[in-house]
Protein chains: 4
Amino acid sequence: MKQKRPKYLQIIDAAVIVIAENGYHHAQVSKIAKQAGVADGTIYLYFKNKEDILISLFQEKMGVFIEKIQQEIAGKDTAAEKLYMLIEKHFSLLAEDHHLAIVTQLELRQSNKDLRLRINEVLKGYLNILDSIIQTGKETSEFSEALDIRLARQMIFGTIDETVTTWVMNDQKFDLTALAGSVHELMIKGCGRV
Amino acid sequence: MKQKRPKYLQIIDAAVIVIAENGYHHAQVSKIAKQAGVADGTIYLYFKNKEDILISLFQEKMGVFIEKIQQEIAGKDTAAEKLYMLIEKHFSLLAEDHHLAIVTQLELRQSNKDLRLRINEVLKGYLNILDSIIQTGKETSEFSEALDIRLARQMIFGTIDETVTTWVMNDQKFDLTALAGSVHELMIKGCGRV
Amino acid sequence: MKQKRPKYLQIIDAAVIVIAENGYHHAQVSKIAKQAGVADGTIYLYFKNKEDILISLFQEKMGVFIEKIQQEIAGKDTAAEKLYMLIEKHFSLLAEDHHLAIVTQLELRQSNKDLRLRINEVLKGYLNILDSIIQTGKETSEFSEALDIRLARQMIFGTIDETVTTWVMNDQKFDLTALAGSVHELMIKGCGRV
Amino acid sequence: MKQKRPKYLQIIDAAVIVIAENGYHHAQVSKIAKQAGVADGTIYLYFKNKEDILISLFQEKMGVFIEKIQQEIAGKDTAAEKLYMLIEKHFSLLAEDHHLAIVTQLELRQSNKDLRLRINEVLKGYLNILDSIIQTGKETSEFSEALDIRLARQMIFGTIDETVTTWVMNDQKFDLTALAGSVHELMIKGCGRV
DNA sequence: GATGAATGAGATTTCATTCAT
DNA sequence: TATGAATGAAATCTCATTCAT
């Protein structure tokens with residue numbers, strides 16, 4: 001018997017769609033409720049307030065994101081392979097969900113400082129994966145032993161993020177996933193031994 | 001006789017301060033007017049609307065930014081040296097103006113999609129410099145001939161931007177300019193020949 | 001076998017506590033239900049709507065109030081003695097139940113005009129006792145024969161009510177019951193023969 | 001040249017009318033604005049928020065109230081005469097302004113605890129006049145030297161207030177001002193020497 | 001009788017922009 | 001040019017009540 005999808009997820013998915021299609025500032029609670037097929041007030045049975053929807057949205061989606069990436073890289077031996085899977089998965093997961101891509105790359109960044117600080121907390125889980133890949137790479141001598149982990153992390157995340165944002169800004173016209181190889185190569189060279 | 005500073009610039013400088021100190025969403029036109037020492041209505045003699053203030057702000061400040069960077073790299077011979085100056089200047093110019101750093105890295109990103117598209121237009125001038133450095137590097141064989149210019153640009157800009165944002169988010173506690181060397185090294189390795 | 005306390009009274013007592021502790025405007029039906037240990041919907045099996053809870057509360061509590069006062073004054077001979085018992089009992093009954101005092105003196109007065117008109121209906125039972133005491137006093141010539149019953153009633157009720165309200169507003173810090181004698185003296189002089 | 005009536009008073013007068021005619025809970029800011037002939041937003045140029053309108057209303061009206069009463073009693077010699085003027089003026093001022101009477105006796109009492117505490121602050125000015133009349137009466141031996149000032153004040157204010165409220169509740173059908181004499185007599189007897 | 005998840009109407013306040021002076 | 005008082009649209013959230021189980 002198919003279990004009824006909990007309203008909690010129903011609302012989060014509705015929020016992604018509404019924000020992606022209307023923009024952060026035009027994503028009224030009433031629109032989200034309508035999209036989710038519930039009454040306005042029902043939203044507040046599952047979320048404390050509007051901001052809570054957005055944080056939960058990010059946590060929920062980023063949680064799945066991190067989990068999938070961890071599954072993929074667990075089976076890989078080298079840091080280079082792990083990094084490739086991370087980039088490839090990052091690109092493909094967003095390429096598969098255009099709405100989510102718009103929300104994470106453009107709309108959620110319009111939130112205020114407080115919200116962004118809380119989003120950054122969630123983001124730490126992702127950055128920790130990156131750090132551990134880099135650390136592994138240094139230990140196996142795949143990467144330069146002089147490599148500053150924080151800088152390397154900023155390079156990798158900054159490059160990935162900038163690439164995805166460019167792709168979204170260009171209306172997702174080119175094949176994002178196809179870039180994984182080249183981006184990976186750049187990163188590996190940057191991290192690599194001289 | 002010293003010319004009276006045009007109100008236009010007076011208002012832009014006021015906007016930078018008000019946005020940096022109050023945040024994008026609390027930077028009301030009336031606050032900017034007060035900081036600039038003019039009446040609310042006066043703002044509209046110099047700017048079409050609030051969005052116009054923000055775009056003008058970015059144009060004005062980015063214009064100076066680009067000009068200074070171009071001056072610095074004009075005297076350098078190699079692509080590597082040019083890239084170093086760009087990174088160093090990028091870091092030092094923002095390190096010198098904390099208000100501006102907050103505005104460009106955090107606050108202006110809360111603007112809506114339309115405004116950010118127009119900001120991206122302004123940003124192109126900066127990215128063009130980057131492209132020409134990379135192109136030069138490829139022509140002189142400093143950089144790999146297989147290097148994808150767009151990807152390299154995204155790596156360099158993404159890394160610089162992520163580094164500055166991290167610095168601002170950490171309340172500008174560490175020495176940003178001191179990172180120029182390490183960041184440059186990473187970029188050069190990423191762009192370099194195998 | 002002790003009969004199970006009817007839910008009806010259970011809910012009324014819960015309402016007194018919730019209103020006293022949270023204030024009239026924060027006394028949601030759901031809070032009253034929780035305090036009473038029943039489900040929200042159960043409330044509506046015993047009361048027509050929220051207003052009905054409040055009126056019933058006042059009826060129930062005022063009924064006991066009137067009954068006790070009538071018992072006390074029945075044994076007294078003179079109007080003066082009857083009036084003393086009324087004042088003393090009025091003060092002592094509220095001094096014994098701080099929650100109820102807050103509800104009747106402060107919170108229930110925030111109700112709208114309609115509700116207060118209906119509360120006034122209930123109050124008439126009390127005012128009738130007052131009227132009959134005054135009438136008795138006039139007949140026995142304890143009180144001035146020129147005494148206007150309605151005015152005398154307003155004086156007595158107004159004074160008692162104002163005194164209790166002052167006591168509640170001052171966080172019930174002084175001994176309300178101890179004032180019965182002085183208040184009684186004032187009233188007797190006001191009502192008395194020249 | 002007739003000076004334009006300040007918007008501040010215009011809005012307060014509008015608030016009295018709207019609250020009297022619609023009841024406290026249906027007196028939306030937009031209704032008050034419409035009645036005052038200004039835009040909704042204009043209200044907030046003169047008042048911090050809705051509660052501020054109500055407090056200002058009470059202060060403004062009570063200020064006039066107190067001033068007029070003080071003028072009247074200043075010319076009187078005995079405490080009894082002063083008390084008579086106070087009662088007579090209290091009744092007549094409210095009898096002249098039915099809207100205001102409804103607002104002070106019924107509607108404003110529906111406000112929350114905070115607001116009522118602030119209203120009580122304003123009321124103190126009135127109660128101080130009462131206290132000084134009673135004090136004077138005691139000093140001139142018009143009143144009993146054993147008279148408790150606080151109790152006497154509660155009797156007088158309680159009786160006046162209860163009388164006015166009864167009058168308002170009865171749709172102002174009887175002649176309130178005509179009661180001044182009888183009420184005064186009651187009070188004087190209550191306060192008087194045995 | 002009892003439950004409690006779901007409903008949906010309704011109002012305060014902000015702030016970019018205008019325009020008469 | 002410069003002013004600043006006035007405008008008015010727009011959206012979050014609460015909570016009394018219902019009804020399927």
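By convention in this document, chain letters (A, B, ...) are assigned in the order of the sequence lines, proteins followed by strands, and residues within each chain are numbered from 1. Owing to the predicted nature of the structure, the values given are computational and were not obtained by experimental measurement.
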- Item | Pair listing, side-chain hydrogen bond (donor to acceptor under 3.5 Å, both in side chains) test, anchored in residues 26-40 of chain D, at least two apart | Gln28(D)-Lys31(D)
Considering only distance and modelled atom types, tabulate donor-acceptor pairs under 3.5 Å from the side chains of residues 100-107 of chain D, sequence neighbours left out.
{"unit_1": "Thr104(D)", "atom_1": "OG1", "unit_2": "Leu100(D)", "atom_2": "O", "d": "3.3"}
{"unit_1": "Thr104(D)", "atom_1": "OG1", "unit_2": "Ala101(D)", "atom_2": "O", "d": "3.3"}
{"unit_1": "Gln105(D)", "atom_1": "NE2", "unit_2": "Asp161(D)", "atom_2": "OD1", "d": "3.1"}
{"unit_1": "Gln105(D)", "atom_1": "NE2", "unit_2": "Thr165(D)", "atom_2": "OG1", "d": "2.9"}
{"unit_1": "Glu107(D)", "atom_1": "OE1", "unit_2": "Tyr24(D)", "atom_2": "N", "d": "2.9"}
{"unit_1": "Glu107(D)", "atom_1": "OE1", "unit_2": "Gln110(D)", "atom_2": "NE2", "d": "2.7"}

- Message: Counting only heavy atoms not in Arg116(A) (residues, nucleotides, ligands), do more than 12 fall under 6.0 Å from its CZ?
- Response: yes
- Message: For dT1(F) and Tyr46(B) - does any side-chain N or O of the residue sit under 4.0 Å from the phosphate oxygens OP1/OP2?
- Response: no
- Query: At under 4.0 Å, does any side-chain N or O of Lys7(B) touch on OP1 or OP2 of dA2(F)?
  - Reply: yes
Could I get the full list of salt bridge (charged side-chain N to carboxylate O under 4.0 Å, His left out) partners for [X], not counting sequence neighbours?
| X | answer |
| --- | --- |
| Glu51(A) | none |
| Glu21(C) | none |
| Lys48(C) | none |

- Strand contacts (DNA chain F) in residues 16-30 of chain B, 4.0 angstrom heavy-atom criterion: none
- Message: The criterion is side-chain hydrogen bond (donor to acceptor under 3.5 Å, both in side chains); which residues satisfy it with Lys50(A), sequence neighbours excluded?
- Response: none
- Picking from dA6(F), dC13(F), dT17(F), which would you name as closest to the side chain of Thr42(D)? dA6(F)
- Message: I want to verify a distance call: between dG4(F), dT13(E), dG1(E), whose nearest atom is closest to the Leu45(C) side chain?
- Response: dG1(E)
- Message: Both atom distances under 3.5 Å, Watson-Crick or G-U wobble: I'd like the secondary structure of DNA chain E as a dot-bracket string, with | for pairs made across strands.
- Response: .||||||||||||||||||||
- Can you name the side chain to side chain contact (heavy atoms under 4.5 Å, CB included) partners of Leu123(A), sequence neighbours left out? Phe58(A), Met62(A), Asn120(A), Phe157(A)
- State which residues pass ring-ring contact (aromatic ring centres under 6.0 Å, His included) with Phe47(C); sequence neighbours excluded, sorted by chain then number. Tyr8(C)
- Task: Using ring-ring contact (aromatic ring centres under 6.0 Å, His included) as the criterion, list what pairs up with His99(A), not counting sequence neighbours.
- Result: none
Distances under 3.5 Å between nitrogen or oxygen atoms of protein and nucleotides 18-21 of chain E:
none

